[in-house]
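Notes to accompany the following structure.
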Number of protein chains: 2
Amino acid sequence: MSGEVIWSEGHSGGSVSALDRGLHYGEGLFETIACLERRPRFLALHLERLALGCARLGLPAPAAGRLRERIEQAAAALPRAIIKVLLTRGPGESRGYRWGREAGTCVIMRFPWSDADAAQGRAGARVRIASTRLGENPALAGMKHCNRLEQVLAANEPGSAEADEALMLSTSGRLICGTMTNVFLIDGEANAVRVRTPEIRTCGVAGVMRRVVMREAARAGLAVEACAMRLEDLSSAREVFLTNARVGLWPVRSLPGRELAPGPLTARLAALMRPLLEAPADG
Amino acid sequence: MSGEVIWSEGHSGGSVSALDRGLHYGEGLFETIACLERRPRFLALHLERLALGCARLGLPAPAAGRLRERIEQAAAALPRAIIKVLLTRGPGESRGYRWGREAGTCVIMRFPWSDADAAQGRAGARVRIASTRLGENPALAGMKHCNRLEQVLAANEPGSAEADEALMLSTSGRLICGTMTNVFLIDGEANAVRVRTPEIRTCGVAGVMRRVVMREAARAGLAVEACAMRLEDLSSAREVFLTNARVGLWPVRSLPGRELAPGPLTARLAALMRPLLEAPADG
(Lines give C-alpha, C1' and ligand atoms only; values in the text may rest on other atoms or scores of the structure.)
Protein backbone atom coordinates (compact mmCIF):
# COMPACT_ATOMS: atom_id res chain seq x y z
CA MET A 1 0.00 0.00 0.00
CA SER A 2 1.24 3.45 -0.82
CA GLY A 3 0.19 5.10 2.46
CA GLU A 4 2.39 6.22 5.34
CA VAL A 5 2.04 4.72 8.78
CA ILE A 6 1.20 7.55 11.11
CA TRP A 7 0.95 5.87 14.48
CA SER A 8 1.47 2.37 15.66
CA GLU A 9 1.41 0.67 19.04
CA GLY A 10 2.03 -2.91 20.01
CA HIS A 11 5.52 -3.65 18.71
CA SER A 12 7.66 -6.46 20.09
CA GLY A 13 10.15 -8.97 18.73
CA GLY A 14 10.11 -9.75 14.99
CA SER A 15 7.75 -7.67 12.95
CA VAL A 16 5.88 -7.41 9.66
CA SER A 17 4.76 -4.35 7.74
CA ALA A 18 1.65 -2.68 9.13
CA LEU A 19 0.45 -2.66 5.51
CA ASP A 20 0.58 -6.46 5.26
CA ARG A 21 -2.63 -7.87 3.77
CA GLY A 22 -2.40 -10.69 6.26
CA LEU A 23 -2.99 -8.13 9.00
CA HIS A 24 -5.71 -6.24 7.13
CA TYR A 25 -7.75 -9.13 5.71
CA GLY A 26 -6.49 -12.31 7.34
CA GLU A 27 -5.24 -13.00 3.80
CA GLY A 28 -2.87 -15.81 4.61
CA LEU A 29 -2.36 -19.43 5.58
CA PHE A 30 -0.57 -21.15 8.41
CA GLU A 31 0.77 -24.53 9.43
CA THR A 32 1.48 -25.74 12.95
CA ILE A 33 4.21 -28.35 12.81
CA ALA A 34 5.30 -30.55 15.71
CA CYS A 35 9.04 -31.16 15.77
CA LEU A 36 10.79 -33.87 17.76
CA GLU A 37 14.31 -35.25 17.69
CA ARG A 38 15.11 -31.88 16.05
CA ARG A 39 13.03 -32.77 12.97
CA PRO A 40 9.60 -31.60 11.75
CA ARG A 41 6.90 -34.32 11.80
CA PHE A 42 4.81 -34.87 8.64
CA LEU A 43 6.54 -31.93 6.95
CA ALA A 44 5.75 -33.15 3.41
CA LEU A 45 2.02 -33.22 4.24
CA HIS A 46 2.11 -29.76 5.82
CA LEU A 47 3.92 -28.33 2.78
CA GLU A 48 1.45 -30.04 0.45
CA ARG A 49 -1.55 -28.47 2.22
CA LEU A 50 0.16 -25.08 2.23
CA ALA A 51 0.83 -25.26 -1.53
CA LEU A 52 -2.80 -26.25 -2.19
CA GLY A 53 -4.00 -23.32 -0.08
CA CYS A 54 -1.72 -20.92 -1.99
CA ALA A 55 -3.21 -22.14 -5.25
CA ARG A 56 -6.80 -21.74 -3.99
CA LEU A 57 -6.23 -18.22 -2.63
CA GLY A 58 -3.95 -17.11 -5.47
CA LEU A 59 -1.20 -16.43 -2.93
CA PRO A 60 2.44 -16.25 -4.02
CA ALA A 61 3.90 -19.59 -2.95
CA PRO A 62 7.41 -19.57 -1.54
CA ALA A 63 9.98 -21.85 -3.20
CA ALA A 64 9.21 -25.21 -1.60
CA GLY A 65 12.81 -26.32 -1.27
CA ARG A 66 13.87 -23.13 0.45
CA LEU A 67 10.88 -23.19 2.82
CA ARG A 68 11.52 -26.81 3.71
CA GLU A 69 15.15 -25.98 4.44
CA ARG A 70 14.23 -23.02 6.68
CA ILE A 71 11.80 -25.15 8.66
CA GLU A 72 14.33 -27.94 9.05
CA GLN A 73 16.94 -25.44 10.24
CA ALA A 74 14.51 -24.00 12.78
CA ALA A 75 13.63 -27.50 14.02
CA ALA A 76 17.27 -28.52 14.40
CA ALA A 77 17.88 -25.94 17.14
CA LEU A 78 15.77 -27.68 19.81
CA PRO A 79 15.04 -31.33 20.68
CA ARG A 80 11.28 -30.58 20.74
CA ALA A 81 9.44 -27.55 19.39
CA ILE A 82 6.28 -26.35 17.69
CA ILE A 83 6.99 -24.45 14.50
CA LYS A 84 4.35 -22.18 13.06
CA VAL A 85 4.68 -21.10 9.44
CA LEU A 86 2.62 -18.10 8.42
CA LEU A 87 2.29 -17.03 4.77
CA THR A 88 0.47 -13.92 3.65
CA ARG A 89 0.14 -11.99 0.42
CA GLY A 90 2.47 -9.38 1.91
CA PRO A 91 2.26 -5.59 2.05
CA GLY A 92 -0.42 -4.43 -0.37
CA GLU A 93 0.51 -2.46 -3.47
CA SER A 94 -2.61 -0.35 -3.03
CA ARG A 95 -5.44 0.15 -0.57
CA GLY A 96 -8.49 -2.08 -1.00
CA TYR A 97 -9.26 -5.69 -1.79
CA ARG A 98 -7.72 -5.84 -5.28
CA TRP A 99 -4.37 -7.51 -5.21
CA GLY A 100 -1.34 -6.60 -7.33
CA ARG A 101 1.97 -8.36 -7.70
CA GLU A 102 2.70 -8.58 -3.97
CA ALA A 103 5.71 -10.76 -3.17
CA GLY A 104 4.24 -12.38 -0.07
CA THR A 105 5.37 -12.51 3.54
CA CYS A 106 6.63 -15.65 5.21
CA VAL A 107 7.22 -15.86 8.93
CA ILE A 108 8.53 -18.92 10.72
CA MET A 109 8.01 -18.97 14.47
CA ARG A 110 9.28 -21.47 16.99
CA PHE A 111 7.54 -22.23 20.29
CA PRO A 112 8.59 -24.46 23.16
CA TRP A 113 6.77 -27.81 23.24
CA SER A 114 6.68 -29.43 26.65
CA ASP A 115 6.37 -33.14 27.38
CA ALA A 116 3.17 -32.32 29.30
CA ASP A 117 1.22 -32.61 26.03
CA ALA A 118 1.87 -36.34 25.91
CA ALA A 119 0.41 -36.75 29.41
CA GLN A 120 -2.58 -34.59 28.38
CA GLY A 121 -3.05 -36.82 25.35
CA ARG A 122 -3.09 -39.94 27.51
CA ALA A 123 -5.42 -38.37 30.11
CA GLY A 124 -8.01 -37.70 27.44
CA ALA A 125 -9.91 -34.56 26.48
CA ARG A 126 -12.82 -32.97 28.28
CA VAL A 127 -14.95 -31.64 25.44
CA ARG A 128 -17.77 -29.10 25.38
CA ILE A 129 -19.96 -27.91 22.52
CA ALA A 130 -19.27 -24.34 21.40
CA SER A 131 -22.19 -22.00 21.01
CA THR A 132 -20.32 -20.05 18.30
CA ARG A 133 -20.95 -21.71 14.94
CA LEU A 134 -19.02 -21.98 11.70
CA GLY A 135 -20.32 -20.09 8.67
CA GLU A 136 -20.49 -22.24 5.55
CA ASN A 137 -18.57 -21.40 2.40
CA PRO A 138 -17.06 -24.14 0.22
CA ALA A 139 -14.65 -21.55 -1.24
CA LEU A 140 -12.81 -21.44 2.09
CA ALA A 141 -13.43 -24.93 3.49
CA GLY A 142 -10.50 -27.18 4.32
CA MET A 143 -7.75 -24.58 4.28
CA LYS A 144 -5.86 -23.48 7.36
CA HIS A 145 -6.35 -19.84 6.43
CA CYS A 146 -6.08 -16.83 8.71
CA ASN A 147 -9.78 -15.94 8.92
CA ARG A 148 -10.20 -17.46 12.37
CA LEU A 149 -12.55 -15.18 14.29
CA GLU A 150 -15.07 -18.01 14.71
CA GLN A 151 -12.47 -20.25 16.36
CA VAL A 152 -11.29 -17.37 18.56
CA LEU A 153 -14.82 -16.63 19.75
CA ALA A 154 -15.55 -20.32 20.33
CA ALA A 155 -12.33 -20.90 22.29
CA ASN A 156 -13.09 -18.00 24.64
CA GLU A 157 -16.75 -18.65 25.45
CA PRO A 158 -17.82 -18.94 29.10
CA GLY A 159 -16.91 -22.42 30.30
CA SER A 160 -13.84 -22.69 28.12
CA ALA A 161 -11.51 -22.91 31.14
CA GLU A 162 -13.18 -26.15 32.29
CA ALA A 163 -12.75 -27.94 28.94
CA ASP A 164 -9.77 -28.96 26.83
CA GLU A 165 -11.53 -28.40 23.53
CA ALA A 166 -14.83 -27.19 22.08
CA LEU A 167 -16.54 -28.94 19.17
CA MET A 168 -18.20 -26.67 16.63
CA LEU A 169 -21.35 -27.01 14.56
CA SER A 170 -21.92 -25.22 11.27
CA THR A 171 -24.69 -22.63 11.07
CA SER A 172 -26.89 -25.28 9.43
CA GLY A 173 -26.35 -27.63 12.38
CA ARG A 174 -23.71 -30.06 11.10
CA LEU A 175 -21.00 -31.29 13.44
CA ILE A 176 -17.72 -30.16 11.86
CA CYS A 177 -14.60 -30.10 14.07
CA GLY A 178 -13.06 -28.66 17.21
CA THR A 179 -11.55 -25.18 17.42
CA MET A 180 -8.08 -26.74 16.99
CA THR A 181 -8.83 -30.40 16.25
CA ASN A 182 -10.70 -32.75 13.96
CA VAL A 183 -13.05 -35.32 15.45
CA PHE A 184 -13.65 -39.04 14.84
CA LEU A 185 -16.69 -41.01 16.03
CA ILE A 186 -16.88 -44.77 16.54
CA ASP A 187 -20.19 -46.61 16.69
CA GLY A 188 -22.01 -49.60 15.25
CA GLU A 189 -22.34 -53.22 16.46
CA ALA A 190 -19.32 -55.38 17.32
CA ASN A 191 -19.35 -57.08 13.92
CA ALA A 192 -19.94 -53.83 12.03
CA VAL A 193 -17.97 -51.13 13.77
CA ARG A 194 -17.94 -47.80 11.97
CA VAL A 195 -15.33 -45.06 12.19
CA ARG A 196 -16.59 -41.76 10.87
CA THR A 197 -15.37 -38.17 10.70
CA PRO A 198 -17.30 -35.11 9.54
CA GLU A 199 -16.75 -34.22 5.92
CA ILE A 200 -14.90 -30.93 5.41
CA ARG A 201 -16.88 -29.63 2.48
CA THR A 202 -18.54 -26.37 3.53
CA CYS A 203 -16.39 -25.33 6.49
CA GLY A 204 -13.74 -26.57 8.90
CA VAL A 205 -10.06 -27.38 8.49
CA ALA A 206 -8.84 -30.59 6.86
CA GLY A 207 -6.14 -31.43 9.41
CA VAL A 208 -2.89 -33.13 8.54
CA MET A 209 -3.30 -35.54 11.48
CA ARG A 210 -6.87 -36.31 10.35
CA ARG A 211 -5.42 -37.28 6.99
CA VAL A 212 -2.71 -39.46 8.56
CA VAL A 213 -5.24 -41.25 10.80
CA MET A 214 -7.52 -41.95 7.83
CA ARG A 215 -4.59 -43.26 5.82
CA GLU A 216 -3.23 -45.49 8.59
CA ALA A 217 -6.68 -46.82 9.44
CA ALA A 218 -7.28 -47.70 5.79
CA ARG A 219 -3.90 -49.48 5.61
CA ALA A 220 -5.01 -51.57 8.60
CA GLY A 221 -8.26 -52.47 6.86
CA LEU A 222 -10.39 -49.99 8.80
CA ALA A 223 -11.99 -47.57 6.36
CA VAL A 224 -12.94 -44.20 7.86
CA GLU A 225 -16.01 -42.65 6.31
CA ALA A 226 -16.04 -38.85 5.88
CA CYS A 227 -19.70 -37.82 5.84
CA ALA A 228 -22.27 -35.27 6.98
CA MET A 229 -22.72 -35.63 10.73
CA ARG A 230 -24.94 -34.13 13.40
CA LEU A 231 -24.75 -33.61 17.16
CA GLU A 232 -26.92 -36.72 17.63
CA ASP A 233 -24.15 -38.80 16.08
CA LEU A 234 -21.86 -37.56 18.82
CA SER A 235 -24.39 -38.50 21.51
CA SER A 236 -24.70 -42.04 20.19
CA ALA A 237 -20.99 -42.62 19.55
CA ARG A 238 -19.34 -45.23 21.76
CA GLU A 239 -15.83 -43.84 21.37
CA VAL A 240 -14.76 -40.39 20.29
CA PHE A 241 -11.30 -39.05 19.64
CA LEU A 242 -9.75 -35.83 18.41
CA THR A 243 -6.69 -35.27 16.25
CA ASN A 244 -4.27 -32.47 15.71
CA ALA A 245 -0.64 -31.99 14.72
CA ARG A 246 0.52 -31.44 18.30
CA VAL A 247 -1.31 -34.02 20.42
CA GLY A 248 -1.69 -36.61 17.67
CA LEU A 249 -4.63 -38.85 18.55
CA TRP A 250 -6.49 -37.56 21.61
CA PRO A 251 -9.19 -39.75 23.19
CA VAL A 252 -12.25 -37.89 24.49
CA ARG A 253 -12.99 -38.72 28.11
CA SER A 254 -16.00 -36.49 28.64
CA LEU A 255 -18.75 -34.86 26.63
CA PRO A 256 -21.50 -32.66 28.12
CA GLY A 257 -23.36 -34.81 30.68
CA ARG A 258 -21.45 -37.97 29.77
CA GLU A 259 -18.17 -39.72 30.65
CA LEU A 260 -16.50 -41.99 28.10
CA ALA A 261 -14.41 -44.98 29.07
CA PRO A 262 -11.22 -45.64 27.08
CA GLY A 263 -12.34 -47.59 24.03
CA PRO A 264 -10.77 -50.56 22.26
CA LEU A 265 -10.85 -49.16 18.75
CA THR A 266 -9.37 -45.83 19.80
CA ALA A 267 -6.62 -47.83 21.54
CA ARG A 268 -6.02 -49.85 18.37
CA LEU A 269 -5.76 -46.71 16.22
CA ALA A 270 -3.51 -45.07 18.80
CA ALA A 271 -1.23 -48.10 18.65
CA LEU A 272 -1.12 -47.87 14.85
CA MET A 273 -0.22 -44.19 15.09
CA ARG A 274 2.36 -44.44 17.89
CA PRO A 275 5.41 -45.30 15.75
CA LEU A 276 4.58 -42.43 13.39
CA LEU A 277 4.09 -39.96 16.23
CA GLU A 278 7.14 -40.89 18.26
CA ALA A 279 9.60 -40.70 15.41
CA PRO A 280 9.41 -37.69 13.08
CA ALA A 281 7.99 -39.29 9.93
CA ASP A 282 8.13 -36.98 6.95
CA GLY A 283 4.98 -37.86 5.06
CA MET B 1 3.03 -15.33 22.24
CA SER B 2 6.15 -16.59 23.96
CA GLY B 3 7.93 -17.88 20.84
CA GLU B 4 10.88 -16.37 19.02
CA VAL B 5 10.61 -15.17 15.46
CA ILE B 6 13.10 -17.20 13.46
CA TRP B 7 12.75 -15.82 9.96
CA SER B 8 10.69 -13.08 8.48
CA GLU B 9 10.44 -11.53 5.03
CA GLY B 10 8.33 -8.69 3.77
CA HIS B 11 9.27 -5.74 5.99
CA SER B 12 8.69 -2.15 4.91
CA GLY B 13 7.65 1.08 6.59
CA GLY B 14 5.77 0.91 9.89
CA SER B 15 5.47 -2.52 11.37
CA VAL B 16 3.63 -4.65 13.91
CA SER B 17 4.78 -7.70 15.83
CA ALA B 18 4.83 -10.90 13.80
CA LEU B 19 3.04 -12.44 16.79
CA ASP B 20 0.07 -10.07 16.47
CA ARG B 21 -3.24 -11.94 16.61
CA GLY B 22 -4.53 -9.64 13.91
CA LEU B 23 -1.99 -11.21 11.56
CA HIS B 24 -2.59 -14.78 12.75
CA TYR B 25 -6.38 -14.83 12.96
CA GLY B 26 -7.65 -11.63 11.35
CA GLU B 27 -8.65 -10.83 14.92
CA GLY B 28 -9.26 -7.13 14.49
CA LEU B 29 -11.49 -4.38 13.17
CA PHE B 30 -10.95 -1.48 10.82
CA GLU B 31 -12.53 1.79 9.75
CA THR B 32 -11.93 3.65 6.50
CA ILE B 33 -12.52 7.34 7.08
CA ALA B 34 -12.72 9.98 4.37
CA CYS B 35 -11.14 13.28 5.42
CA LEU B 36 -11.66 16.59 3.70
CA GLU B 37 -10.85 20.16 4.67
CA ARG B 38 -8.31 18.49 6.98
CA ARG B 39 -11.10 16.90 9.06
CA PRO B 40 -12.45 13.32 9.28
CA ARG B 41 -16.01 12.88 7.95
CA PHE B 42 -18.61 11.09 10.14
CA LEU B 43 -15.91 10.38 12.73
CA ALA B 44 -18.40 9.92 15.58
CA LEU B 45 -20.24 7.20 13.62
CA HIS B 46 -16.99 5.43 12.73
CA LEU B 47 -15.87 5.46 16.37
CA GLU B 48 -19.27 4.21 17.50
CA ARG B 49 -19.14 1.22 15.13
CA LEU B 50 -15.57 0.49 16.21
CA ALA B 51 -16.54 0.49 19.90
CA LEU B 52 -19.50 -1.80 19.20
CA GLY B 53 -17.22 -4.20 17.32
CA CYS B 54 -14.72 -4.20 20.20
CA ALA B 55 -17.52 -5.14 22.59
CA ARG B 56 -18.75 -7.95 20.31
CA LEU B 57 -15.27 -9.43 19.79
CA GLY B 58 -14.07 -8.80 23.35
CA LEU B 59 -11.24 -6.67 21.95
CA PRO B 60 -9.47 -4.14 24.16
CA ALA B 61 -10.94 -0.78 23.10
CA PRO B 62 -8.55 2.15 22.91
CA ALA B 63 -9.47 5.26 24.91
CA ALA B 64 -11.99 6.97 22.65
CA GLY B 65 -10.77 10.52 23.33
CA ARG B 66 -7.17 9.65 22.53
CA LEU B 67 -8.08 7.74 19.38
CA ARG B 68 -10.25 10.60 18.16
CA GLU B 69 -7.41 13.03 18.78
CA ARG B 70 -4.91 10.87 16.87
CA ILE B 71 -7.25 10.60 13.89
CA GLU B 72 -7.90 14.33 13.90
CA GLN B 73 -4.17 15.04 14.04
CA ALA B 74 -3.56 12.68 11.12
CA ALA B 75 -6.36 14.30 9.12
CA ALA B 76 -5.06 17.83 9.77
CA ALA B 77 -1.85 17.20 7.82
CA LEU B 78 -3.50 17.03 4.37
CA PRO B 79 -6.45 18.82 2.73
CA ARG B 80 -7.90 15.48 1.60
CA ALA B 81 -6.96 11.97 2.75
CA ILE B 82 -8.28 8.52 3.51
CA ILE B 83 -7.44 7.40 7.03
CA LYS B 84 -7.59 3.73 7.88
CA VAL B 85 -7.72 2.75 11.54
CA LEU B 86 -6.84 -0.85 12.32
CA LEU B 87 -7.36 -2.35 15.79
CA THR B 88 -6.29 -5.85 16.74
CA ARG B 89 -6.00 -7.80 19.97
CA GLY B 90 -2.23 -7.34 19.73
CA PRO B 91 0.64 -9.80 20.14
CA GLY B 92 -0.71 -12.98 21.74
CA GLU B 93 0.35 -13.95 25.25
CA SER B 94 0.42 -17.60 24.18
CA ARG B 95 0.05 -19.70 21.05
CA GLY B 96 -3.46 -20.76 20.14
CA TYR B 97 -6.94 -19.30 20.05
CA ARG B 98 -7.35 -18.57 23.76
CA TRP B 99 -6.78 -14.93 24.52
CA GLY B 100 -5.10 -13.48 27.60
CA ARG B 101 -4.78 -9.90 28.72
CA GLU B 102 -3.37 -8.60 25.44
CA ALA B 103 -3.15 -4.83 25.29
CA GLY B 104 -4.22 -4.45 21.67
CA THR B 105 -2.55 -2.92 18.64
CA CYS B 106 -3.77 0.24 16.98
CA VAL B 107 -2.43 1.43 13.65
CA ILE B 108 -3.51 4.60 11.92
CA MET B 109 -2.64 4.83 8.25
CA ARG B 110 -3.10 7.75 5.92
CA PHE B 111 -3.57 7.38 2.14
CA PRO B 112 -3.82 10.04 -0.54
CA TRP B 113 -7.38 10.70 -1.75
CA SER B 114 -7.61 12.17 -5.21
CA ASP B 115 -10.42 14.30 -6.58
CA ALA B 116 -10.93 11.64 -9.24
CA ASP B 117 -13.24 9.75 -6.89
CA ALA B 118 -15.83 12.51 -7.14
CA ALA B 119 -15.83 12.18 -10.95
CA GLN B 120 -16.09 8.40 -10.60
CA GLY B 121 -19.05 8.88 -8.27
CA ARG B 122 -20.81 11.10 -10.81
CA ALA B 123 -20.03 8.77 -13.73
CA GLY B 124 -21.76 5.89 -11.96
CA ALA B 125 -20.66 2.36 -11.18
CA ARG B 126 -20.43 -0.58 -13.53
CA VAL B 127 -21.48 -3.50 -11.37
CA ARG B 128 -21.05 -7.25 -11.81
CA ILE B 129 -22.22 -10.14 -9.64
CA ALA B 130 -19.44 -11.95 -7.79
CA SER B 131 -19.35 -15.71 -7.99
CA THR B 132 -17.68 -15.89 -4.55
CA ARG B 133 -20.37 -15.92 -1.89
CA LEU B 134 -20.58 -14.78 1.71
CA GLY B 135 -20.77 -17.41 4.43
CA GLU B 136 -23.55 -16.72 6.94
CA ASN B 137 -22.86 -16.26 10.62
CA PRO B 138 -24.85 -13.78 12.71
CA ALA B 139 -22.00 -13.71 15.28
CA LEU B 140 -19.86 -11.83 12.74
CA ALA B 141 -22.45 -9.94 10.68
CA GLY B 142 -22.35 -6.17 10.50
CA MET B 143 -18.84 -5.64 11.83
CA LYS B 144 -15.97 -4.33 9.73
CA HIS B 145 -13.71 -7.08 11.03
CA CYS B 146 -10.50 -8.33 9.46
CA ASN B 147 -11.74 -11.74 8.22
CA ARG B 148 -12.05 -10.58 4.63
CA LEU B 149 -10.96 -13.50 2.44
CA GLU B 150 -14.39 -13.65 0.80
CA GLN B 151 -14.19 -10.00 -0.27
CA VAL B 152 -10.61 -10.49 -1.47
CA LEU B 153 -11.58 -13.49 -3.61
CA ALA B 154 -14.65 -11.70 -4.97
CA ALA B 155 -12.71 -8.54 -5.85
CA ASN B 156 -10.13 -10.52 -7.83
CA GLU B 157 -12.36 -12.82 -9.88
CA PRO B 158 -12.01 -12.88 -13.65
CA GLY B 159 -13.84 -9.86 -15.06
CA SER B 160 -13.06 -7.65 -12.07
CA ALA B 161 -11.01 -5.23 -14.17
CA GLU B 162 -14.06 -4.37 -16.30
CA ALA B 163 -16.28 -3.48 -13.33
CA ASP B 164 -16.12 -0.91 -10.56
CA GLU B 165 -17.70 -3.14 -7.96
CA ALA B 166 -19.02 -6.67 -7.46
CA LEU B 167 -22.25 -7.39 -5.59
CA MET B 168 -22.19 -10.48 -3.39
CA LEU B 169 -24.84 -13.06 -2.50
CA SER B 170 -24.81 -15.11 0.67
CA THR B 171 -24.38 -18.88 0.39
CA SER B 172 -28.16 -19.21 0.81
CA GLY B 173 -28.74 -16.89 -2.16
CA ARG B 174 -29.58 -13.57 -0.50
CA LEU B 175 -28.33 -10.35 -2.03
CA ILE B 176 -26.16 -8.74 0.68
CA CYS B 177 -23.73 -6.00 -0.37
CA GLY B 178 -20.76 -5.19 -2.58
CA THR B 179 -17.18 -6.09 -1.75
CA MET B 180 -16.62 -2.52 -0.49
CA THR B 181 -20.11 -0.98 -0.62
CA ASN B 182 -23.70 -1.38 0.55
CA VAL B 183 -26.48 -1.37 -2.01
CA PHE B 184 -29.89 0.32 -2.22
CA LEU B 185 -32.69 -0.65 -4.63
CA ILE B 186 -35.55 1.58 -5.74
CA ASP B 187 -38.73 0.17 -7.25
CA GLY B 188 -42.50 0.38 -6.97
CA GLU B 189 -45.06 2.54 -8.74
CA ALA B 190 -44.82 6.32 -8.91
CA ASN B 191 -47.27 6.78 -6.04
CA ALA B 192 -45.68 4.02 -3.94
CA VAL B 193 -41.95 4.17 -4.52
CA ARG B 194 -39.94 1.88 -2.28
CA VAL B 195 -36.31 2.26 -1.25
CA ARG B 196 -34.87 -0.96 0.12
CA THR B 197 -31.48 -2.22 1.22
CA PRO B 198 -30.52 -5.78 2.19
CA GLU B 199 -30.69 -6.47 5.90
CA ILE B 200 -27.28 -7.14 7.46
CA ARG B 201 -28.30 -9.93 9.80
CA THR B 202 -26.33 -13.03 8.80
CA CYS B 203 -23.41 -11.52 6.89
CA GLY B 204 -22.17 -8.32 5.31
CA VAL B 205 -20.92 -5.04 6.72
CA ALA B 206 -23.27 -2.39 8.12
CA GLY B 207 -21.63 0.61 6.47
CA VAL B 208 -21.46 4.05 8.05
CA MET B 209 -22.62 5.65 4.79
CA ARG B 210 -25.52 3.18 4.59
CA ARG B 211 -26.56 4.37 8.02
CA VAL B 212 -26.29 8.05 7.07
CA VAL B 213 -28.34 7.55 3.89
CA MET B 214 -31.05 5.72 5.83
CA ARG B 215 -31.13 8.47 8.42
CA GLU B 216 -31.23 11.33 5.92
CA ALA B 217 -33.88 9.61 3.80
CA ALA B 218 -36.04 9.08 6.90
CA ARG B 219 -35.65 12.76 7.84
CA ALA B 220 -36.92 13.67 4.38
CA GLY B 221 -39.95 11.40 4.82
CA LEU B 222 -38.55 8.55 2.71
CA ALA B 223 -38.30 5.44 4.88
CA VAL B 224 -35.74 2.90 3.70
CA GLU B 225 -36.70 -0.68 4.40
CA ALA B 226 -33.91 -3.10 5.42
CA CYS B 227 -35.11 -6.56 4.45
CA ALA B 228 -34.17 -9.94 2.98
CA MET B 229 -33.49 -9.48 -0.74
CA ARG B 230 -32.66 -11.67 -3.72
CA LEU B 231 -30.98 -11.22 -7.07
CA GLU B 232 -34.42 -10.92 -8.70
CA ASP B 233 -35.02 -7.76 -6.69
CA LEU B 234 -31.94 -6.31 -8.32
CA SER B 235 -33.19 -7.27 -11.78
CA SER B 236 -36.52 -5.56 -11.22
CA ALA B 237 -35.14 -2.43 -9.52
CA ARG B 238 -35.61 0.80 -11.47
CA GLU B 239 -32.74 2.60 -9.79
CA VAL B 240 -29.81 1.16 -7.89
CA PHE B 241 -27.09 2.92 -5.94
CA LEU B 242 -24.14 1.95 -3.79
CA THR B 243 -22.74 3.65 -0.72
CA ASN B 244 -19.40 3.73 1.02
CA ALA B 245 -17.37 6.08 3.18
CA ARG B 246 -15.19 7.23 0.30
CA VAL B 247 -17.50 7.75 -2.68
CA GLY B 248 -20.60 8.55 -0.63
CA LEU B 249 -23.65 7.81 -2.78
CA TRP B 250 -22.68 6.06 -6.03
CA PRO B 251 -25.36 5.55 -8.70
CA VAL B 252 -25.16 2.25 -10.60
CA ARG B 253 -25.05 2.76 -14.34
CA SER B 254 -24.77 -0.82 -15.44
CA LEU B 255 -25.65 -4.30 -14.20
CA PRO B 256 -24.97 -7.52 -16.13
CA GLY B 257 -26.83 -7.20 -19.43
CA ARG B 258 -28.54 -3.97 -18.48
CA GLU B 259 -27.82 -0.22 -18.53
CA LEU B 260 -29.49 2.04 -15.98
CA ALA B 261 -30.36 5.67 -16.69
CA PRO B 262 -29.77 8.20 -13.91
CA GLY B 263 -32.90 8.04 -11.74
CA PRO B 264 -34.91 10.80 -10.07
CA LEU B 265 -34.99 9.27 -6.59
CA THR B 266 -31.26 8.59 -6.57
CA ALA B 267 -30.76 12.22 -7.63
CA ARG B 268 -33.02 13.39 -4.81
CA LEU B 269 -31.13 11.34 -2.21
CA ALA B 270 -27.80 12.49 -3.63
CA ALA B 271 -28.97 16.11 -3.26
CA LEU B 272 -29.94 15.42 0.36
CA MET B 273 -26.51 13.91 1.03
CA ARG B 274 -24.41 16.52 -0.80
CA PRO B 275 -24.10 19.07 2.03
CA LEU B 276 -23.08 16.30 4.43
CA LEU B 277 -20.52 14.87 2.01
CA GLU B 278 -18.95 18.15 0.93
CA ALA B 279 -18.36 19.47 4.43
CA PRO B 280 -16.89 17.11 7.00
CA ALA B 281 -19.90 16.49 9.24
CA ASP B 282 -18.96 14.71 12.45
CA GLY B 283 -21.98 12.49 13.05
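Below, read A as the first sequence line, B as the second, and so on, with proteins coming before strands; counting in each chain starts at 1.
Ion pairing between B:E31 and B:R49 holds under the 4.0 Å rule for side-chain N and carboxylate O.
The side-chain tip of A:R246 does not point at the ring of A:W113 from less than 6.0 angstrom away and within 45° of straight on. In this structure, B:K84 is positioned above the aromatic face of B:F30, its NZ or CZ under 6.0 Å from the six-membered ring centre and within 45° of the axis.
Looking at B:L86, the atoms closer than 4.5 Å to chain A (heavy atoms on both sides) all sit in the side chain, from C-beta outward. In this structure, chain B has a heavy atom under 4.5 Å from the side chain of A:T171, while its backbone stays farther away. Heavy atoms closer than 4.5 Å to chain A are found in both the backbone and the side chain of B:A161. Heavy-atom distances place no part of A:I83 under 4.5 Å from chain B, backbone and side chain included.
Most heavy-atom pairs under 4.5 Å with chain A: of the set B:Q73, B:R98, B:E136, this distinction falls to B:R98. Highest contact tally toward chain B, considering only A:G135, A:P138, A:C203, A:S170, is held by A:G135 [criterion: heavy-atom pairs under 4.5 Å]. In terms of heavy-atom pairs under 4.5 Å with chain B, the best-connected choice from A:I82, A:T132, A:T202 is A:I82. With chain A as partner, the option from B:G28, B:A103, B:S160, B:A139 having the largest number of non-hydrogen pairs under 4.5 angstrom is B:S160. When B:T179, B:L140, B:T32, B:N156 are compared by the number of non-hydrogen pairs under 4.5 Å with chain A, B:N156 comes out ahead.
Side-chain contact annotation: A:E27 with A:T88, donor-acceptor N/O pair under 3.5 Å absent. Under 3.5 Å, the side chains of B:E157 and B:S131 contain a donor-acceptor pair of N or O atoms. For A:N244 and A:T181, the side-chain atoms include no donor-acceptor pair closer than 3.5 Å.
Residue pairs satisfying the salt bridge (Lys or Arg N to Asp or Glu O under 4.0 Å) criterion with at least one member in residues 162-175 of chain A, sequence neighbours excluded, are listed as follows: A:R126-A:D164.
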